[in-house]
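As structure tokens, the structure follows; a few thoughts come after it.
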Protein chains: 2
Amino acid sequence: MTNTLAFAALADPTRRAIFERLAVGPRAVGELADGMPVSRPAVSQHLKVLKEAGLVTDRPEGARRVYQIDPAGLGQIRAWLDRFWNTALESFKAEVEREENA
Amino acid sequence: MTNTLAFAALADPTRRAIFERLAVGPRAVGELADGMPVSRPAVSQHLKVLKEAGLVTDRPEGARRVYQIDPAGLGQIRAWLDRFWNTALESFKAEVEREENA
DNA sequence: CTAATGTGTTAGTCATGACTTACTGTAAGT
DNA sequence: ACTTACAGTAAGTCATGACTAACACATTAG
């Protein structure tokens, strides 16, 4: 399941911090690393994970490499969560009603 | 951030399998362990993680212990993802328009 | 062509996590 | 009270992951 990769990617706080920066707009690796508590190679590795999870895309721009959020990947786990949310909530309501008739 | 716990919890395939079973309705530990490829103690440990992440609640029922999905926990990360989805999509559209005028 | 900038990769360390087996604790049945 | 069923805990193993430092590669500037 590709959901495993996406959730695992978002489970790391450093990666979520990078991801949130990318939500503002496309950024190069060096820009992202500046002001972060970890080294630039660490950021590069995190971006690789996010890319393999389908959450970001990258494109070369001169000597730099610009990363950008991929709405498709984000939408996928959002869809999973939504589907899940419905069945879980339905089951939850049914359980509450069952308790009320006890 | 409690989001870290929730995402980390859902990142594990075994835990998602347990979680999906709970989406159908409340279950005891033994019921969940039956038909799963891992041992009962493993399931018990996974449930502990899900509980600490705020994704499930547990209540004693005689000698057994029944676990149930907590809609609040699920709703929290859903809200996070939704907020994120909006800003990311907005930034994405802006970027596309920027490219069209180039 | 050479130097400088920006980035990915490799190797190695340290911590964390998923799992099993064995044990402990608790509630119900006889 | 003793036994049986159900579940959490402890200890130990094995794999994975986050990080840094050092290196290799590509692109632009001079």
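Each chain gets a letter, A, B and so on, in the order its sequence line appears, and its residues count up from 1.
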Nearest whole angstrom, please: distance from the C1' of D:dC6 to the CG of B:Asp34.
-> 12 Å

Separation of A:Glu61 atom CD from D:dA26 atom P, in whole Å?
-> 20 Å

What's the shortest heavy-atom distance between B:His46 and B:Ile18, and which atoms?
-> CB-CD1, 3.7 Å

Please report the closest heavy-atom contact between B:Glu61 and B:Arg59, naming both atoms and the distance.
-> OE1-NH1, 3.1 Å

Just how far, in rounded Å, is C1' of C:dT7 from CZ of A:Arg59?
-> 16 Å

Ignoring backbone atoms, test whether B:Ser44 places a side-chain nitrogen or oxygen under 4.0 Å from the OP1 or OP2 oxygen of D:dA7.
-> no

Rounded to whole angstroms, how far apart are CG on B:Leu10 and P on C:dA18?
-> 12 Å

Between C:dG8, D:dA7, C:dG6, which nucleotide has the shortest distance from any of its atoms to the side chain of B:Val29?
-> D:dA7

So what does B:Pro41 touch, heavy atoms closer than 4.0 Å: a base, only the sugar-phosphate, or nothing?
-> base

Go through the N and O atoms of the side chain of A:Gln45 and the base of C:dT10, and report whether any donor-acceptor pair is under 3.5 Å.
-> yes

Any side-chain heavy atom of A:Arg16 within less than 4.5 Å of one from B:Thr4?
-> yes

Within the pair A:Tyr67 and C:dG6, is there a side-chain N or O less than 4.0 Å away from OP1 or OP2?
-> no

Evaluate the ring planes of B:Phe7 and A:Phe7, with Trp represented by its six-membered ring, and classify them as parallel (under 30°), tilted (30 to 60°) or perpendicular (over 60°).
-> tilted

Carefully, step by step, assess A:Arg65 and A:Ser44 under the rule side-chain hydrogen bond (donor to acceptor under 3.5 Å, both in side chains).
-> CA-CA 10 Å; A:Arg65 182 158 284 265; A:Ser44 195; over 6 Å; no

Below 4.0 Å: OP1/OP2 of D:dC19 and any side-chain N or O of A:Thr14 | yes

Is the base of D:dG8 touched by the side chain of B:Arg40 through a donor-acceptor pair closer than 3.5 angstrom?
-> yes

Rounding to a whole Å, what distance do you find between B:His46:NE2 and C:dA18:P?
-> 6 Å

Round to a whole Å and report the spacing from CZ of A:Arg64 to C1' of D:dC25.
-> 18 Å

Starting from C1' on D:dG17, measure out to CZ on A:Arg15 and report it in whole angstrom.
-> 8 Å

Pick the nucleotide of DNA chain D nearest each of A:Val38 and B:Arg65; which residue has the one closer to the 5' end?
-> B:Arg65

Could you give the CG-to-C1' distance, from A:Asp12 to C:dT16, as a whole number of Å?
-> 12 Å

Under 4.0 angstrom, heavy atoms only, what part of the nucleic acid is A:Ala28 near: base, sugar-phosphate, or nothing?
-> sugar-phosphate

